[in-house]
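In what follows, a structure is listed as structure tokens, so that the remarks can point back to it.
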Amino acid sequence: MHAFLLLPLLLIAPLPSQASPQLALDKGCYSCHGEPPRRNVPSVAQLAADYARYRGQADAPRQLADKLRAGGLFAHIAAHERLSPEDCETLMRWIIEGAK
Ligand code: HEC
């Protein structure tokens, strides 16, 4: 119901939900997480399916952003680590909400 009401708005107004795919594009996320994704890398759609379980958790975007920017012990990915905290949180929220 809400989606149908929102759809016309999304098409005419530059709402944040439209800004995020552009941000992901600008930050090079799709060069590894695109379709098809790079070998052993989840696609954005796969990440969204995985992160759907964080929906409704207010502090999840911030926590996931901190984790992504910090990197793993053996996985240092420049595209993750050079994101600003704000951009990273925006992208995590976008992925949690289904990466539309
Ligand atoms: C150079 C390739 C590359 C680029 C560019 C890249 N990623 Fe990743 N990403 C990976 C790999 C490899 C993994 C899996 C390993 C890991 O978790 O560190 C990953 C994992 C992730 C995860 C899951 C982390 C977890 O542990 O749950 C998210 C979310 C993510 N990337 C988001 C992004 C976003 C947003 C961008 C754009 C700013 C981006 N990635 C750009 C390679 C990349």
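The structure presented is a predicted model; accordingly, all values stated were derived computationally and were not measured. Values reported hereafter were calculated over all heavy atoms of this structure, with side chains retained and with hydrogens, waters and symmetry mates removed. Just so you know, ligand 1 is whichever comes first in the structure, and atom 1 is the first atom listed for that ligand.
- Nearest protein heavy-atom neighbour of atom 16 (C) of ligand 1: A75 CB, 4.4 Å.
- Taking every non-hydrogen atom of G28 and a distance limit under 4.0 Å, the qualifying atoms of ligand 1 come out as 5 (C).
- Side-chain contact between S43 and H33 is absent, with no heavy atoms from C-beta onward closer than 4.5 Å.
- By the 30° and 60° cut-offs, the orientation of the rings of W94 relative to Y30 is perpendicular.
- Atoms of ligand 1 found under 4.0 Å from any heavy atom of S31 (numbered from 1 in listed order, with element): 5 (C).
- Counting heavy atoms from C-beta outward, C88 and E86 have side chains that stay 4.5 Å or more apart.
- For ligand 1 and K67, the ligand atoms under 4.0 Å from any heavy atom of the residue are 25 (C), 26 (O), 27 (O).
- To the nearest 0.5 Å, atom CD of residue Q57 and atom CG of residue L64 are 8.5 Å apart.
- Here the NZ-CD distance, from K27 to Q22, works out to 11.0 Å after rounding to the nearest 0.5 Å.
- Residue-level proximity to ligand 1 for L83 is carried by the side chain, the only part with a heavy atom below 4.0 angstrom.
- At distances below 3.5 Å, at least one donor-acceptor pair connects side-chain atoms of R69 with backbone N or O atoms of L83.
- Under the salt bridge (Lys or Arg N to Asp or Glu O under 4.0 Å) criterion, the residue pairs touching residues 36-55 are D50-R53, with sequence neighbours excluded.
- Using a 4.0 Å cut-off between a side-chain N of Lys or Arg and a carboxylate O of Asp or Glu, E89 and R93 qualify as a salt bridge.
- Looking at Y51 next to ligand 1, an N or O pair under 3.5 Å apart turns up.
- When side chains are defined from C-beta on, E81 counts as touching H76, because their heavy atoms get closer than 4.5 Å.
- Only protein N, O or S atoms were considered, and those under 2.8 Å from atom 8 (Fe) of ligand 1 are H33 NE2, H80 NE2.
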